[in-house]
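Each remark here refers to the structure printed beneath this line.
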Amino acid sequence: MDGSKAVHWYRMSAKAADASEDLDTRVWVRGCAEIALVHEGAALPIADLITDQAIALSNNRPSLGLLNAVFGKAHTYALRGGHPTTRTLLAEGRRIYAIMTAFPTEVAP
């Protein structure tokens, strides 16, 4: 899939998630989009935008969506050579993961 088509589909998924009015779904969809866009190497600036939305929506509440967004953002920074920021984001991802696995019933899916 080319980058413009991927961006189109991920924006549509974010719009559908927003329509659900379910915060966890909204964060999760954006986190998944970040991971996929970075993996595909498609439209990294759009991936950044989607990730920033996921992080803002999450209010730093640990969830799989937030974890995906943070690790995806770390991957993006690594691709761009931003190693200090990459390390900071990886540490944040590990922190989120530790919280999620320590108290799995108290965090969002």
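Index from 1, following the sequence.
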- [ ] Using a 4.5 Å cut-off on heavy atoms from C-beta on, say whether the side chain of K73 contacts that of I55.
- [x] yes
Open item on the list: Under 4.0 Å between a side-chain nitrogen and a carboxylate oxygen: does that hold for R80 and D48?
Closed with: yes
- [ ] May I ask whether Y77 and I96 are part of the same hydrophobic cluster, defined by side-chain heavy atoms of I, L, V, M, F, W, Y residues being less than 4.5 angstrom apart, directly or through others?
- [x] yes
TODO: Give, for atom CD1 of I99 and atom OG of S63, the distance between the pair rounded to the nearest 0.5 Å.
DONE: 11.0 Å
- [ ] Verify the cluster assignment for L67 and L89: are they in a single hydrophobic cluster under the rule of side-chain heavy atoms below 4.5 Å apart?
- [x] yes
- [ ] Kindly work out whether a path of hydrophobic side-chain contacts (I/L/V/M/F/W/Y, heavy atoms less than 4.5 Å apart) joins L49 to V38.
- [x] no
Task: Which atom of V27 lies closest to which atom of G65, heavy atoms considered - done: CG1-C, 3.7 Å
Task: Spacing of L66 atom CG and D24 atom CG [to the nearest 0.5 Å] - done: 10.5 Å
Open item on the list: With a 4.0 Å cut-off on N to O distance, would you call D18 and R11 a salt bridge?
Closed with: no
TODO: List the atom of G31, the atom of A54, and the distance in Å for their closest heavy-atom pair.
DONE: N-CB, 4.3 Å
Open item on the list: For S13, give me all partners under side chain to side chain donor-acceptor pair (under 3.5 Å), at least two apart in sequence or on another chain.
Closed with: none
Task: Taking every non-hydrogen atom, the tightest pair across Y10 and I50 - done: CB-CD1, 4.5 Å
Open item on the list: Rounded at 0.5 Å granularity, tell me how far CD in E34 sits from CD1 in I46.
Closed with: 11.5 Å
TODO: Could you pull out all residues at least two apart from T25 that satisfy side chain to side chain donor-acceptor pair (under 3.5 Å)?
DONE: D22
Task: side-chain contact (heavy atoms from CB on, under 4.5 Å) between R61 and L23, intermediate numbers included - done: CA-CA 11 Å; R61 181 173 171 237; L23 184 59; 5.7 Å; no
Task: Audit row: R30, T51, side-chain contact (heavy atoms from CB on, under 4.5 Å) steps and yes/no - done: CA-CA 6 Å; R30 285 169 171 84; T51 300; over 6 Å; no
Task: Nearest heavy-atom neighbours spanning L37 and A6 - done: CD2-CB, 3.9 Å
Task: Transitive ILVMFWY side-chain link F71 to L64, under 4.5 Å - done: yes
Task: Straight-line distance of H75 NE2 to L90 CG, nearest 0.5 Å - done: 10.5 Å
Task: Atom of L44, atom of L79 and distance for their closest heavy-atom approach - done: CD1-CD1, 4.3 Å
Open item on the list: If I compare all heavy atoms of R26 with all of A17, which pair ends up nearest, and what's the gap?
Closed with: CG-O, 3.3 Å
Open item on the list: Check whether E92 reaches the backbone of V70 with its side chain - one donor and one acceptor, N or O, closer than 3.5 Å.
Closed with: no
